[in-house]
Amino acid sequence: MDFSLTPPKDFPAFPYTPPYSIQDDLMHHLYMCIEDRKVSIVESPTGTGKTLSLLCASLTWLADDKERIRKGQILVDSSAGEPDWVTSQTMERRQRELEAEELDYETRLIAARKKEAAMRQMAKARVIKRPRMATTESEEPDYDVFLPDADEDSTDNISPAVRALMAKLDKGSSRTSKLEESEPTCTKIYYASRTHSQLTQIFPELCKLKPQLKATAFMSNPSTSLSSVTHKRPHDEESESLNHSQWRTVSLGSRKQLCINDELRAKGGDLDEKCREMLTGTKGQRCSHLPSPDEDSRMMNLRDQILASPKDIEELATAGRLSGTCPYFGSRRAIPQAQLVTLPYNLLLSKTAREALGIDLTNQIVIVDEAHNLISTLLSLSTVRLSLQTLETSLAQVSIYLTKFRTRLTAKHALHLKRLVQFLAHLRDYAMAWLAQKKDQVKLDAKTEIMTVAELMPRLGRKVEGTNLLEIEEYLRTSKIARKISGYSEKMEERAAEKDPKHPSQIRRGATPPLHSVEAFMLALTSANDEGRICFSVLKDANQQSMEMKFQLLNPASPFREVVDTARSVILAGGTMSPVSDVVAQLFSHLPEPKICYFSCGHIIPSANLQTLIVGKGPRGGDLEFKFDRRGDKSMTAELGQIISNFVNVVPGGMVVFFPSYSFLNMVREQWGASGLIERFNIKKKLFLEPSDASEVDTVLREYAAACNPQQISTGAMCKGALLFAVIGAKLSEGLNFSDDLARAVVIVGLPFANLGSPELRERMKYVNRLQEKTVRKPGQKDAASELYENMCMNAVNQSIGRAIRHRGDWASLILIDRRYSSSSIRRKLPKWIGDGTVVAETFGSTMKHLGQFFRTKKPTQQSDA
């Protein structure tokens with residue numbers, strides 16, 4: 001029997017009928033992509049219902065796949081060569097059993113919803129008391145708590161009584177594991193985005209989807225889906241009123257977002273470390289919100305509450321507070337039974353984080369939203385920094401610890417710690433010698449040196465070169481001795497401060513143990529291949545100089561490859577994914593071409609609502625080309641000021657101008673301020689500047705939005721809207737909506753090419769060129785380094801362009817000021833949804849003509865309605 005799935009003619013769960021054609025096309029594309037186990041790159045502009053379409057298509061496939069599995073189970077159970085009437089009875093019996101299991105599980109979820117509702121009602125009438133942590137104080141520290149845990153394979157010196165207790169605990173844990181194994185698991189969708197705020201935005205979209213026809217299989221565990229047998233679900237009256245609760249969903253976050261221990265949070269410092277310290281329960285210090293193994297029912301109840309209705313991170317924390325149970329660990333317990341798991345990039349992309357959470361991507365669906373950030377995020381997560389100060393602190397802590405506990409450590413712990421001290425000492429000596437040689441250099445290049453791992457290791461000496469760093473790193477990771485060493489060092493600092501209040505403390509209590517940075521750096525060094533580089537650089541620190549060692553990954557595909565190879569299907573989605581060739585080249589070059597598919601749709605707005613102009617000539621008739629070496633040309637910046645002044649006279653509402661860098665923005669601001677041009681801007685539109693301090697962004701945006709308000713503009717004041725100067729690739733270039741009157745025009749000045757003087761960038765460019773040498777280069781094809789350099793620039797431009805059109809009724813003009821935008825290679829890398837209607841203005845006069853015609857066609861009613 002053929003069990004392959006085909007996409008439905010329509011998607012009944014989609015809340016709007018009929019969907020836009022581009023939404024319907026996207027859902028059909030995504031459904032087949034998942035079914036065919038492909039990688040897809042999806043470009044769908046903001047306002048086209050991208051998130052809603054992604055959820056609807058993937059959940060529809062999930063429901064159909066579940067029914068396929070159920071049919072397969074029934075057929076397998078009944079295919080024993082029996083007579084037809086026996087086979088029929090067997091199939092009916094097996095179907096009833098499967099449906100009974102689903103009904104039992106849904107009954108639990110409905111009970112959890114009722115309990116949660118009752119707890120919320122009770123919480124309104126009383127104050128939730130915060131449990132106190134039991135504490136014990138002693139004048140003398142108990143040094144035993146800083147000893148490493150006993151080796152798992154070392155039981156020679158354990159007393160019979162202790163050995164019996166360990167056996168009893170092992171027996172109990174095996175029963176727990178068997179209980180967990182009996183819980184239902186399912187295929188799931190891992191939905192990742194860059195930040196928790198972006199993930200929170202998917203929950204309103206999720207609640208819009210409606211159960212209809214086959215979509216009833218979306219229910220927590222439906223009693224009917226594609227079968228003809230009907231059973232009434234328990235508590236149907238509650239189920240019908242809780243359509244938003246039909247998908248088992250869990251949000252994963254960090255302790256910072258989910259910790260409900262207020263006393264612990266109030267202490268400051270590294271919350272992760274303090275939480276881990278309280279997991280052991282040493283001397284009554286176990287967190288009161290984390291149930292003991294004997295109270296596991298508390299955690300199971302919270303798990304059911306989490307799965308009973310979709311909750312974002314804030315709602316998950318609230319549920320934990322109401323139940324008095326840790327939502328961080330509760331969310332982890334909910335993963336196996338969840339159908340939809342939302343999580344930030346770092347938890348999905350880090351193998352260590354996936355293993356810690358128990359996430360297995362095998363045969364699962366992975367959707368990465370806002371995927372234009374993916375490559376930079378992969379490179380950032382793989383970058384490891386180790387300062388000379390951290391290195392010296394780590395060496396001092398390990399040396400003191402080893403001296404103190406030398407006679408009490410097992411041979412295994414002592415051997416690994418001695419090897420660690422040896423490695424740290426040699427690395428410290430080399431770093432100090434390098435700094436002494438480089439710190440008096442004047443040129444930036446001379447203060448930086450890049451080398452491979454293979455080049456660094458011999459410089460540390462023969463003893464280190466012959467040391468198995470992977471073995472030491474594995475020891476640090478598995479033994480978790482870094483926290484013991486850090487805890488002992490903190491205790492010694494505290495005692496020294498008690499004896500001498502003037503004692504200069506070198507340790508910030510609660511901070512991440514320095515050895516964790518060493519551990520990460522050592523793990524990077526074990527990747528002895530051509531895909532990474534070690535960068536030594538001199539740092540300016542107040543009145544003294546220091547240095548930093550940094551591991552940089554050159555190939556973003558390496559940490560992402562395991563995700564791609566194990567998942568059933570991977571979807572990269574974004575409003576602007578162009579240039580797509582760059583995404584494929586950097587992330588999927590190892591995949592065969594048929595494995596990759598691409599979807600790009602136009603915008604849902606009418607073509608008359610979007611104008612794209614390329615301005616290559618200024619008012620004086622000269623070419624406009626804002627190359628780095630020409631940005632100091634005062635005549636060109638004065639001409640740019642005149643261009644913007646002309647635009648201000650024509651553009652209604654708000655206008656956002658993106659500059660290629662902060663330095664260029666600051667330079668033109670000073671020049672235009674001295675010439676009086678800034679004052680003339682303010683007469684027509686109130687001018688705002690992107691702040692350098694991130695904490696001021698919200699204030700600037702609120703004031704800018706108020707100045708753009710059509711009601712305020714129509715009061716008869718001379719100022720007609722607002723003007724915002726921002727920077728490409730900075731705080732205002734992505735993740736913000738400049739819809740309607742907030743941006744009737746978005747202006748891009750120049751092309752923001754990265755600094756070629758960066759040693760790290762040069763290494764990446766050399767690396768991609770070496771890879772290209774292994775392939776056949778097509779005639780006329782650019783070298784890979786030039787292509788990478790251009791793609792990095794256009795990725796940033798495209799994100800700034802996407803700030804304007806945000807919904808179906810929106811309209812705006814996109815203006816690209818630089819003649820290089822008219823070249824075919826650059827235009828090909830602009831978003832597909834603006835490429836077809838782009839106009840290259842031959843003169844500045846024609847620019848103003850096109851601009852004036854566009855805004856004259858917009859009726860006053862359109863502006864006021866917006």
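The basis for the numbers below is simple: all heavy atoms, side chains too, and nothing from hydrogens, waters or symmetry mates.
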**Working for side chain to side chain donor-acceptor pair (under 3.5 Å), residues S254 and Q257** = CA-CA 5 Å; S254 65; Q257 279 89 24; 2.2 Å; yes
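- Heavy atoms only, all atoms of each residue included: R303 and A334 are closest at CG-CA, 3.6 Å.
- Remark: I202 CD1 to I367 CD1 distance equals 8.5 Å, nearest 0.5 Å.
- The minimum heavy-atom distance between P7 and M32, with the atom names listed, is CD-SD, 3.0 Å.
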**Message:** Run the side chain to side chain contact (heavy atoms under 4.5 Å, CB included) test on E43 and T576 for me, step by step, so that the C-alpha distance in whole Å, both residues' side-chain angles and the decisive distance to 0.1 Å come before the verdict.
**Reply:** CA-CA 6 Å; E43 184 176 61; T576 304; 4.0 Å; yes
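- A338 and K188 get closest at one heavy-atom pair: O-NZ, 2.8 Å.
- Within the 3.5 Å criterion, the main-chain N or O of G320 finds a donor-acceptor partner in the side chain of S323.
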Show every donor-acceptor pair shorter than 3.5 Å between a side-chain atom in residues 355-363 and any protein atom, with sequence neighbours excluded, or say none if there are none.
unit_1: D360; atom_1: OD1; unit_2: T362; atom_2: N; d: 3.1
unit_1: D360; atom_1: OD1; unit_2: T362; atom_2: OG1; d: 2.7
unit_1: N363; atom_1: OD1; unit_2: R37; atom_2: NH1; d: 2.8
unit_1: N363; atom_1: OD1; unit_2: R37; atom_2: NH2; d: 3.3

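- Taking CD1 of I34 as the reference point, atom CG of L62 lies at 8.5 Å (rounded to 0.5 Å).
- In this structure the side chain of T187 never reaches within 4.5 angstrom of the side chain of K66, judged on heavy atoms.
- Remark: H29 engages F599 in a ring-ring contact (aromatic ring centres under 6.0 Å, His included) (not counting sequence neighbours).
- Of the residues listed (T60, T6, D64), the one engaging Y31 in a side chain to side chain donor-acceptor pair (under 3.5 Å) is D64, and it is the only one.
- R298 pairs by the salt bridge (charged side-chain N to carboxylate O under 4.0 Å, His left out) definition with E295, not counting sequence neighbours.
- The side-chain contact (heavy atoms from CB on, under 4.5 Å) test applied to P592 returns P594, K595, not counting sequence neighbours.
- Under a 3.5 Å cut-off, the side chain of R265 and the backbone N or O of K256 do form a donor-acceptor pair.
- Listed by chain and number, the residues in a ring-ring contact (aromatic ring centres under 6.0 Å, His included) with F588 amount to none (sequence neighbours excluded).
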**Message:** Checking Y190 against I335 for the side chain to side chain contact (heavy atoms under 4.5 Å, CB included) test, could you report, in this order, the C-alpha distance in whole Å, the side-chain angles of both residues, the deciding distance, and whether it holds?
**Reply:** CA-CA 10 Å; Y190 288 94; I335 294 174; 3.9 Å; yes
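- Remark: K38 pairs with no residue by the salt bridge (charged side-chain N to carboxylate O under 4.0 Å, His left out) rule, at least two apart or across chains.
- In this structure H516 satisfies the side-chain contact (heavy atoms from CB on, under 4.5 Å) test together with E273, A482, R483, T512, P513, E519, sequence neighbours excluded.
- Looking only at side-chain heavy atoms (C-beta outward), K208 and Y16 come within less than 4.5 Å of each other.
- Scored by the side-chain contact (heavy atoms from CB on, under 4.5 Å) test, Q201 finds no partners at all (sequence neighbours excluded).
- Here the shortest heavy-atom pairing between L348 and A192 reads CD2-CB, 3.6 Å.
- For S380, there are no side-chain contact (heavy atoms from CB on, under 4.5 Å) partners, not counting sequence neighbours.
- Here the side chains of L30 and S53 are not in contact, with every heavy-atom distance at 4.5 Å or above.
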**Request:** Applying side chain to side chain contact (heavy atoms under 4.5 Å, CB included), run through L206 and T51 and close with a yes or a no.
**Result:** CA-CA 9 Å; L206 180 64; T51 302; over 6 Å; no
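- The closest donor-acceptor contact from the side chain of E370 to the backbone of S193 lies at 3.5 Å or more, if one exists at all.
- Looking only at distances, a side-chain donor or acceptor of S251 sits under 3.5 Å from a matching main-chain atom of K311.
- The two atoms that bring C186 and Q364 nearest to each other are O-OE1, 4.1 Å, heavy atoms only.
- Considering all non-hydrogen atoms of both residues, L302 and P327 come closest at CD2-CA, 4.0 Å.
- For E314, the salt bridge (charged side-chain N to carboxylate O under 4.0 Å, His left out) test picks out no residue, with sequence neighbours left out.
- You'll find the side chain of F560 stays beyond 4.5 Å of the side chain of I375, heavy atoms only.
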**Prompt:** Does the pair H590 and V564 meet the rule for a side chain to side chain contact (heavy atoms under 4.5 Å, CB included), with working shown?
**Reply:** CA-CA 10 Å; H590 67 287; V564 175; 4.3 Å; yes
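- With contacts defined as side-chain heavy-atom distances shorter than 4.5 Å, the pair V563/K351 does not qualify.
- No donor-acceptor pair under 3.5 Å is formed between the side chain of R332 and the backbone N or O of L252.
- Not a single donor-acceptor pair under 3.5 Å links the side chain of K50 to the backbone N or O of P45.
- Here D312 pairs with nothing under the salt bridge (charged side-chain N to carboxylate O under 4.0 Å, His left out) rule; sequence neighbours left out.
- Here the CG atom belonging to L587 is positioned 12.0 Å from the CZ atom belonging to R561, to the nearest 0.5 angstrom.
- Q339 places no side-chain N or O within 3.5 Å of a backbone atom of W247 that could act as its donor or acceptor partner.
- Residue N373 holds its CG atom at 12.0 Å from CG of L572, rounded to the nearest 0.5 Å.
- Between the R333 side chain and the M300 main chain, no donor and acceptor come within less than 3.5 Å of each other.
- Side-chain contact between V583 and M577 is present, with at least one heavy-atom pair separated by less than 4.5 Å.
- Looking only at side-chain heavy atoms (C-beta outward), P559 and L381 stay at 4.5 Å or farther from each other.
- Once rounded to the nearest 0.5 Å, the distance linking CD1 of I313 with CG of L199 reads 8.0 Å.
- The CD1 atom of I41 sits 10.0 Å away from the CG atom of L374 when rounded to the nearest 0.5 Å.
- Between the side chain of S58 and the main chain of L55, a donor-acceptor pair closer than 3.5 Å is present.
- Contact annotation: the side chain of R321 approaches that of D262 to within less than 4.5 Å [non-hydrogen atoms, C-beta and beyond].
- Contacts of H28 classified as ring-ring contact (aromatic ring centres under 6.0 Å, His included), with partners at least two apart in sequence or in another chain: F11.
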